[in-house]
Trainee: 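First the structure, then my questions, so here it is.
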Amino acid sequence: MSASAVVFYVLASIAVLSAAMVIWSRYPVHSALYLVLTFLSVAGIYVLFEAEFVAAVQVLVYAGGIMVLFLFVILLVNLKDTLGPRVRLHATFSSVIGAAVVGLILYVYSKGRVPGTSAASSVLREGGNLQVIGAALYREYLLPFEIASVLLLVAMIGTIILARQKT
Amino acid sequence: MPVPPSHVLIFSLLLFSIGMLGVLTRRNAIIILMSIELMMNAANINFIAFSRQLNNLTGQVFGVFTIAVAAGEVAIGLAVVLALYRNRDTIYVDEVHVMKG
């Protein structure tokens, strides 16, 4: 097993365990901190897959921006009692759905073939991941890029309207 | 790629299932939003892994768009949670059942 494979398995197990702790922990702040751990290990996996730009965006937007948003709302919404997961109520329902989805995907995997690996990446020859992604974003995907900015503007206006104090 | 793609798929499947379990079992609206983030991350891992596998940049570009959409979605969702808390004094989703049929 190569070194990058070992790194992948370590990061993947950290991500899965901390994702489970997000669901399992009683306090929302603990969930938020475990969520940061999950995002950071997923960002490490992106670096491993030579997607450095997406990894940087993941750290900046998820572990930076979204986490601060979550923590602010957790602090604003000052709940006295914290209820744990209502696993007992929905245990059978949830486990049946979960087992069905996992079984379905494993079945499809056992039936089909995953496309084979391609030739060595030509990204480095074209000037690195950031340059290649920038060229793709501003040439091929210019219209979706602009639509995404309009979407963010709409989200911003909607957030301000929704969270505004009624006077 | 030294890691077989099936292992990456199983990893993202685990992450997605954990997120789905959270959406189904938790009643705190903030935790439900976090679980949705986990599910979007699992989908993103697939995009990045197959972008590397198939030597095609579209997956990474799509991953960036997914992150942008997730940011907008979290902002709106948390604003809804705040409005809910102001009006109803709760963020537990099973205590908000006025619009339930």
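Quick note on labels: first sequence line is chain A, next is B, and so on, each numbered from 1.
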Trainee: Between A71(B) and V61(A), which heavy-atom pair has the shortest distance, and what is it?
Mentor: CB-CG1, 4.0 Å
Trainee: Which atom pair, heavy atoms only, marks the closest approach of R86(B) to R164(A)?
Mentor: NH1-O, 3.8 Å
Trainee: Could you tell me which portion of F8(A) (side chain, backbone, both or neither) has an atom closer than 4.5 angstrom to a non-hydrogen atom of chain B?
Mentor: side chain
Trainee: Answer whether the closest heavy-atom distance between the side chains of Y141(A) and T58(B) falls below 4.5 Å.
Mentor: yes
Trainee: Is any side-chain heavy atom of L76(A) closer than 4.5 Å to a side-chain heavy atom of Y85(B)?
Mentor: no
Trainee: Between V80(B), V81(B), L14(B), L38(B), who has the most heavy-atom pairs with chain A when the cutoff is under 4.5 Å?
Mentor: L38(B)
Trainee: Please give me the minimum heavy-atom distance between L15(B) and A19(A), naming the atom from each residue.
Mentor: CD1-CB, 3.6 Å
Trainee: Might you point out which heavy atoms bring V16(A) and I18(B) nearest each other, and give the distance in Å?
Mentor: O-CD1, 3.6 Å
Trainee: Search all heavy atoms of A155(A) against all heavy atoms of I76(B) and return the closest pair with its distance.
Mentor: O-CD1, 3.5 Å
Trainee: Is N44(B) close to V42(A) at the side-chain level, that is, under 4.5 Å between some pair of heavy atoms?
Mentor: no
Trainee: Write down the atom of A83(B), the atom of L162(A), and the distance for their closest heavy-atom approach.
Mentor: CB-O, 3.8 Å
Trainee: If you count heavy-atom pairs under 4.5 Å with chain A, which of I30(B), V64(B), L82(B) comes out on top?
Mentor: I30(B)
